[in-house]
Structures are given as C-alpha cells and as structure tokens.
Amino acid sequence: MTTAPAPIDTSHYFTTDPHAEARSLSDTALGLTGSEILKIASEIRALVAAGQDVCNLTVGDFNPQQFPIPVKLRDATIQALQAGQTNYPPADGMPELRRAVVAMYERMLGLHYPIECVTIVSGARPALYATYAALLNPGETVVYPVPSWNNNHYTHLTGAHAIEVSTHPEDGFLPTAAQLAPHMEQARLIALNTPLNPTGTVIGREELERICDLILAENRRRDVAGERSLFLLYDHIYWMLTFGTARHYTPPEINPAMAAYTIFVDGISKAFAATGVRVGWAVAPPHIAARMRDLVGHLGAWAPRAEQLGSAQLLDDPAAIQAYHQTMLPGVQQRLDTLYNGIMAMQDAGLPVDAIPPQGAIYLSARFELIGKTLNGVTLRSNEDIRRYLLERAGFAVVPFGAFGLKDESGWMRLSVGAASPQQIEAALPRVRRALEGS
Ligand SMILES: Cc1ncc(COP(=O)(O)O)c(C=O)c1O
C-alpha cells in the first residue's frame, strides 16, 4: 500500500504583513465597512457563553423555533428538489414564480404588471444591488434617509454619491417630501423603504403622494430638457407586516404614472420568516428589469430552482398565506407591543425612555435618554456606551440607530423581535428597569 504524500501546507505562503491587504485588494474591497450588528453579535455570544441571560433583539432575522416558514413553502420546495429541479433556473426566474408574483401583486396590491417586469433573485439584496448598478453611474447621486438599512454599502459598491437625509422622531424617522425636495434636481435615484428597517414605521399616504408628485414633476422637467430620468427604489420587503391602523401604500397605486419610475424590491425573507431560503424579486419597467437580470446573471445570484417553485406554490395560495399570517402577525405584534408597553410603563414611572408605537416590520424604535448620566458607577457618553450598558447590566441586546447611519447621539435604538420569545422579552423588561434605576 502506498502512503499518500503529506498535503501541501498552503498557510505557509500567506503573508502576515499588515500592509499586504492594501497592496492586494481593490479600493472597493478595502473601503467596505464591516457590519456593526455582527460585531455586537459576537459580544452577545461571549456573554451567553459566560452564562448570562440575554434577550437578543439585535438581528433582523427570525428564530425558526419561534417563527417557522410556511409548511406549504417547505413541502413544495422539498418536493421540487425530489423531482430533480436541480439545474440552472432561467436568468430572470422560473416562469411559475414570475407569474405568481404578477398574480399576487394584482390580488393583494391592486397593480397589474406584465411578466417582463419581474426578475427573480436570491433574496432582496441582489435586487437592491442590481437597482443601484443598473441606474447609477459612478459619481451620480442617490438620496436616501437615515436611519436606513445598507444604502451606504450599495452606494459604496457602485461608486455613487450619497446624500443622506437625517429624519426625526416626530416624523417616525420617515423622510418627508419637504426634506427630499431640495435634492430632487441632483438625484438620479431616491431609495425608500417602508415599513422601515430599523424603525418599524410606515410611510403614510399623504407623504408618499407628495414625494411621488415631486418625482413626477422633476421627470417632466427632465423630459423637456432631455436629461436622464429620476427613479424611485421602493424597498417594501416588509409590506405584508403592518399592524393596527397602519397601511402599506405603493407609488403606482397613488399615482399610476409612477410605474415608469418605480423599482420595487421585495421577497419572501421577511413576510414568511424565510430569510435563509433566499428568494426575492424586483418589479421594474421592462427595459430596466432586463438589465438587472443581466447584472444578477453575471453574479449568479439566482434563487435556486426548487425554492423558486416552492415559493410559487405559496404565493399562488391566498388561503395558505392568510392562514400563515393569522399566526405570524399576532406573534410579531405581541412581542412589539410587550416591549412598547413595558417601555412606556417605565416612562410613566419617570424613567428617561421613549418609544414609537409599532406600525410594521419586526422592529420597535426605543429611546434610552441616558447620555451624560452615571448609573451603577458607569458614565454614559454615547449611544455605544448605552448599548453596552443595557447589554452588560440588563442582558438586553439592541442596536443603536448609528448602525443605520443616523449620526445623533440621542439614545435611539432598534429592537428587533424575530429571534426572541415572548418569555425572554417579559423577563428582560424588569432587568432593564433596574438598570435604568441604577440599582
Ligand atoms: C429593508 C430591507 N431590505 C432588504 C433586506 C434584505 O433581504 P434579503 O434577506 O431577502 O436579502 C433587508 C434585510 O434585513 C431589509 O431590512
């Protein structure tokens, strides 16, 4: 018997020179900023490993034990795999799923789109990237509100120029038409998200109407001047998750002419707690959809065939969607309401906290107004200090709005409920109260 030669130890050839990164990588790669949420996640893991009880409200994800995916999605995906649906999908997606998206938009949003407008991708992220890449030349301007999710990264990846519009708690941290108006002439793309990550707030009909009016007026001006059009990226990945009186509106529903300028980004990740299944789509004017398909195709960022077919079966079944949401939505709302009521009870007791009533998505905006305060011997000077204090003292893990681009040190935090049980939330609130009381 011959013995196999010892494997070549490749690690021997890798440099440990700290300047090597700069010598090796592109400016784009070097300029990427890491996720603050992932950094916080590793702190939480360390605390849990040390035996501390932590209520983890940091990840914008679902714990499958708390929020499993719809049975129909699971079973239809497994069946498709078993039936041998394992080769490349068509570049713009399986016709079954494209048709199902068209039918669902018609049924649930009252919008009819030709099938050419629908591009299926592996989750909402590739659709976001492809929108930026399809529309923005390097140096062209994208306008987006802060706090918001990941626009900074897509701006960086495409070499675009960002105008960040800081929003205010009295507007639910949503951008107003008045705030966007001064940037219309310069913008090539306006990127909006509703229900909004990180705030859980929803753009109202009147404000959206005013924003659409601005975009349409600007495009009328550009048409006459022969200038490039202004587009609206409308990320409504959480549109099925609204609570109470909050309602989701779409730009073409408010003014049909907006169909020419709106790129919808959407998918199953949030509406069906299916973040790891990786099925999303864009709905856009056909000439833009075709280029987005080509961009995504070169990345190979298609959703797998079987998962597309499983998703098609779910979207084509209104009863299954309704039954799923009858359990899921109250589950999300119960967690958000428990947090909101708990925080407002602390406010009633004179503690320096505040929160915005939940309207949508899986997030609550909560304020811990502790800057300049000393609690249990710890002086809190920044949002980051507050975050760490709440984590270490109360096992209450949250993410400051700073991680979503808002620069104020005002103590506003995102509380995300998809991975926490109602019991964990209830158990954490008294710990938070004691930490705020400094005891
Ligand atoms: C507003 C928003 N858009 C898009 C995404 C990405 O969704 P996906 O997981 O389908 O890529 C997220 C995920 O957190 C999000 O919050």
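Order of listing sets the numbers, starting from 1, for every ligand and every atom in it. Worth knowing before you read on, the calculation uses all heavy atoms, side chains too, and leaves out hydrogens, waters and symmetry mates.
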Original post:
Does the pair Asp266 and Tyr105 meet the rule for a side chain to side chain donor-acceptor pair (under 3.5 Å), with working shown?
Top reply: CA-CA 11 Å; Asp266 198 358; Tyr105 270 39; 2.4 Å; yes
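Every side chain to side chain donor-acceptor pair (under 3.5 Å) that Tyr238 has, sequence neighbours left out, goes to Lys270, Tyr363. Every residue meeting the ring-ring contact (aromatic ring centres under 6.0 Å, His included) condition with Tyr132, not counting sequence neighbours, appears here in chain and number order: Tyr154. Tyr389 pairs by the ring-ring contact (aromatic ring centres under 6.0 Å, His included) definition with nothing, not counting sequence neighbours.
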In a simple table, one pair per line, please give the protein and ligand 1 atom names for every N or O pair closer than 3.5 Å, along with the distance.
unit_1: ligand 1; atom_1: 3 (N); unit_2: Asp235; atom_2: OD2; d: 2.6
unit_1: ligand 1; atom_1: 9 (O); unit_2: Arg125; atom_2: NH1; d: 2.8
unit_1: ligand 1; atom_1: 9 (O); unit_2: Ser269; atom_2: OG; d: 3.4
unit_1: ligand 1; atom_1: 9 (O); unit_2: Arg278; atom_2: NH1; d: 2.8
unit_1: ligand 1; atom_1: 10 (O); unit_2: Ala124; atom_2: N; d: 2.7
unit_1: ligand 1; atom_1: 10 (O); unit_2: Ser269; atom_2: OG; d: 2.6
unit_1: ligand 1; atom_1: 11 (O); unit_2: Ala124; atom_2: N; d: 3.1
unit_1: ligand 1; atom_1: 11 (O); unit_2: Arg125; atom_2: N; d: 3.0
unit_1: ligand 1; atom_1: 11 (O); unit_2: Arg125; atom_2: NH1; d: 2.9
unit_1: ligand 1; atom_1: 11 (O); unit_2: Arg278; atom_2: NH2; d: 2.8
unit_1: ligand 1; atom_1: 14 (O); unit_2: Lys270; atom_2: NZ; d: 2.8
unit_1: ligand 1; atom_1: 16 (O); unit_2: Asn197; atom_2: ND2; d: 2.7
unit_1: ligand 1; atom_1: 16 (O); unit_2: Tyr238; atom_2: OH; d: 2.8

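Ionic pairing of Arg388 and Glu384 is present here: one or more N-O contacts between side-chain nitrogen and carboxylate oxygen are shorter than 4.0 angstrom.
Aromatic ring orientation, Trp302 versus Tyr88: perpendicular (interplanar angle above 60°, classes split at 30° and 60°).
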